[in-house]
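Only heavy atoms go into these numbers, but all of them, side chains included; no hydrogens, no water, no symmetry mates. Chain identifiers are assigned alphabetically (A, B, ...) following the order of the sequence lines, protein sequences preceding nucleic acid strands; residue numbering begins at 1 within each chain.
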Number of protein chains: 2
Amino acid sequence: MTKPRSRRGGGRPTIADVARKAGVGAITVSRALREPGRVSEDLRRQIQAAVDELGYLPDPNARALASARAEVFGVLVPSLTNSVFAEVLRGIYDSLSDSSYRIQLGNTHYSGLEEERLLQVFGPQRPAALIVAGIDQTPTSRRLLETAGCPVVQVMETGPDPVDMMVGFSHFDGGKAATEHMIEMGYRRIGFIGARMDPRSQRRLAGYRAAMEGAGLFDPRLITTTPVPSSVTLGRELFRDALAKVPRLDGVFCNNDDIALGVLFECHRASIAVPMTIGITGFNDLDMMEVAFPSVTSIRTPRYEIGRLSVAMALAAIAGKRPHEPVVDLGFELKCRESTAR
Amino acid sequence: MTKPRSRRGGGRPTIADVARKAGVGAITVSRALREPGRVSEDLRRQIQAAVDELGYLPDPNARALASARAEVFGVLVPSLTNSVFAEVLRGIYDSLSDSSYRIQLGNTHYSGLEEERLLQVFGPQRPAALIVAGIDQTPTSRRLLETAGCPVVQVMETGPDPVDMMVGFSHFDGGKAATEHMIEMGYRRIGFIGARMDPRSQRRLAGYRAAMEGAGLFDPRLITTTPVPSSVTLGRELFRDALAKVPRLDGVFCNNDDIALGVLFECHRASIAVPMTIGITGFNDLDMMEVAFPSVTSIRTPRYEIGRLSVAMALAAIAGKRPHEPVVDLGFELKCRESTAR
DNA sequence: GAGGCGTATGGTAGCGCTACCCATTACGTG
DNA sequence: CACGTAATGGGTAGCGCTACCATACGCCTC
């Protein structure tokens, strides 16, 4: 007669099976697995042997229900295909892959409303931590984050008022540094070209404006933006628009590298000399900017590192070792290349 | 005296609270939420009112434990930053976002062993479906997929022996079509440049080889590959290697668009005329290929659609309406552009 | 009008695990 | 030697939900 198995379990061994085989109580097995330090060496070995023999794997759903805490990191990004967030995600993933935490993905599509909806969905799951992109949550989202009952890390930017923790850099400073570099290199009629214009883009624009005003070069006609999602194609279109508005443009600071690449290709196509006639600066410093011809000046942003550090901070907070400084600015680096080397 | 709340729940309303308020049994609330058709109109309204008033949200962990089924799609991709998989992921996400299914992400880093590990981790969670990239699972992975007890969709490729379902296209045919196009355009010493060389790249190479042999043009020295991960930078390096080996090269079929872009930039840098001296064909047809100067011929692959359809098929299977044809070939499209227009 | 059958609702008993508290033992301490 | 204290292990009682089965009731059939 075979052991009568439950209707649902599908025959998978449970903690009770392990306990029986090891000759201990179920709770001791649970402890041996989660807090090995609190179980004697002997029992721990015995239990491990039973676990291995049965091929026992704890049921994460039962665990989550009993402990009111799921081993899940909720991650909210505004886009899956924007390679900037893909790299943040990769950093998060890599830092989590030796732990037993899982990643649950949310794509806000740059929408505050969608972010609220996702936070509402994530809440009842009792995630171990939440990592969200950006610092401009709606009041509702902010309240949901504050009452989530778990560490929260806002990433990509820094600001004065974190929900809990923050890892990022100053987009304003990045935009300012890029623009000041171009001014320094002798460019005067420097356009700003930007797509999507999410809050981070807005701050880069503000940095651009500050630099231009500081040098007495600002002119609103130099700014060309659109709410349309960014793409290389769009970079070309916007550059044409910008040139139509200001034919004597001698440089462009692009909101991101996709746009910059579109501008570069259009310059080739229209036989506009880069960097002599037009200087180009991008933002983010994707791999290809260095390889492009001419190579393109850009602001290198620590995307992968932001992902890594956000997880490290969240894990520390879970372990009760909250970092002293809740807001970490990872900075950026200006990469000067041929596209602005007049 | 306040209602004594449980030690753990944190005060969230439960199904019992809703049942009490609506004056029905808990099980009826559960049914009204999951199978509205099986509850009378009257009760359904009454229950919905109670749900709204209390702001009740079902606990997904309790649900998963009780039903031995989590509302989770496990998604396994080999890379998060490769924009090809990012778009598949976006397709999956978009198709799932109006349902209550969550996405749990796994990154195999192109490793069969890591894929096995992830499947082992995903198993105990009892996901509602699994979507995995590729069709070359290890025997262990295959067994894990077969015994997962849920619909499985292998994506990106098609093949004769699906674990369950497949959505993709033929990389062999894609490589062959690209190469044949170049031959037709008059190119003769066409190199193959490939990085990473995962199974899909291998099949594209096989397609290239078949086309070259068919035209009596094959020469193993024309092939330049590396196991190193693909990047634009690498495209430049490999192209230099290829030229060093075969100085009279008159075209290259690139394993993917990143490589193609690296080749294009290197041609600019070395003043090699494209398409006259060297023709270039890429693979995947990223947005930027059309904008590049000269625009780059590529094979357009239905990445987003693969993601969408894989979810649609999985959802149909969950609903018991398994598609008649378990393997769907979504094809590809050759985009002829300036880079091969001799 | 007895029996059969389908439909709507509810009760009971878990799902597999852990929080909470208690029991046991070993080891000082005065 | 009674008593505190710490370390170790276990029992009990859920976590919030749903599978399974029972029940009640109306309607049809012959």
Side-chain angles (χ1 to χ4, degrees), chain A residues 4-20 22-47 50-51 54-71 100 123-126 128 149, chain B residues 4-47 51 54-71 100 123-126 128 149:
Chain A
R5 271 260 140 248
S6 96
R7 53 197 155 111
R8 320 190 196 158
R12 223 188 283 276
T14 73
I15 203 169
D17 298 327
V18 176
R20 209 171 308 123
V24 299
I27 192 67
T28 307
V29 175
S30 173
R31 255 198 298 262
L33 262 33
R34 291 177 306 130
E35 309 164 88
R38 292 195 41 199
V39 174
S40 69
E41 178 65 26
D42 262 17
L43 273 194
R44 206 166 31 195
R45 255 204 307 273
Q46 216 167 305
I47 289 168
V51 165
L54 293 172
Y56 169 72
L57 289 167
D59 180 330
N61 299 127
R63 204 170 242 194
L65 178 59
S67 65
R69 187 54 68 208
E71 290 197 299
S100 57
Q125 268 180 89
R126 305 169 169 290
Chain B
R5 271 261 140 246
S6 96
R7 53 197 154 113
R8 319 190 194 158
R12 223 188 282 276
T14 73
I15 203 169
D17 298 327
V18 176
R20 208 172 308 123
K21 171 146 268 166
V24 300
I27 191 66
T28 306
V29 174
S30 172
R31 255 198 298 262
L33 261 34
R34 290 177 306 130
E35 309 165 90
R38 293 193 45 197
V39 172
S40 70
E41 177 65 27
D42 262 18
L43 274 194
R44 207 165 32 194
R45 255 203 308 272
Q46 218 166 302
I47 289 168
V51 165
L54 292 172
Y56 169 72
L57 288 168
D59 180 328
N61 298 127
R63 203 171 242 194
L65 179 59
S67 64
R69 188 55 68 209
E71 290 197 301
S100 57
Q125 269 179 87
R126 305 171 171 289

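- Rounded to whole angstrom, the span from the CZ atom of B:R31 across to the C1' atom of D:dC21 amounts to 11 Å.
- The distance between atom CG of A:L43 and atom C1' of D:dA7, rounded to the nearest whole Å, is 13 Å.
- Rounded to whole Å, atom C1' of D:dT8 lies 14 Å from atom CD of A:Q46.
- At the phosphate of C:dT9, neither OP1 nor OP2 sits under 4.0 Å from any side-chain N or O atom of B:T28.
- The residue among B:A62 and B:G25 whose nearest nucleotide of DNA chain C is located toward the 5' end is B:G25.
- The side-chain heavy atoms of A:I47 and A:R44, taken from C-beta on, include no pair separated by under 4.5 Å.
- Considering only heavy atoms from C-beta on, A:L33 stays 4.5 Å or farther from A:V18 through its side chain.
- Across all strands, A:R34 comes closer than 4.0 Å only to sugar-phosphate atoms, never to a base (heavy-atom distances).
- Side-chain contact between A:P124 and B:P60: present, with at least one pair of heavy atoms (C-beta onward) separated by less than 4.5 Å.
- For A:E71 and C:dC17, the CD to C1' distance is 12 Å, given to the nearest whole Å.
- Distance CG (B:D17) to C1' (D:dC17): 13 Å, rounded to an integer number of Å.
- Of all nucleotides listed (D:dT18, C:dC17, D:dC15), D:dT18 comes nearest to the side chain of B:A66.
- In this structure, the CD1 atom of B:I15 is 14 Å from the C1' atom of C:dT9, given to the nearest Å.
- The nearest whole Å value for the distance from the CG atom in B:L65 to the C1' atom in D:dA19 is 12 Å.
- Listed candidates were D:dC20, C:dC17, C:dC20. Nearest to the side chain of A:R63 is C:dC17.
- Regarding A:R126, its CZ atom lies at a distance of 10 Å from the P atom of D:dC17, rounded to whole Å.
- Of the two residues contacting DNA chain D, namely A:V29 and B:E35, the nearest-nucleotide position lying further toward the 5' end is that of A:V29.
- When the side-chain nitrogen and oxygen atoms of B:S30 are compared with OP1 and OP2 of D:dT18, one or more of them lie within a distance under 4.0 Å.
- In this structure, B:D17 and B:R12 approach most closely via the heavy-atom pair OD2-O, 4.3 Å.
- OP1 and OP2 of D:dC17 both lie 4.0 Å or more from every side-chain N or O belonging to B:S67.
- The side chain of B:I27 lies closest to D:dC20, out of C:dC17, D:dC20, D:dG16.
- For B:R69 (side chain) and B:R126 (main-chain N/O), a donor-acceptor pair under 3.5 Å exists by modelled atom type.
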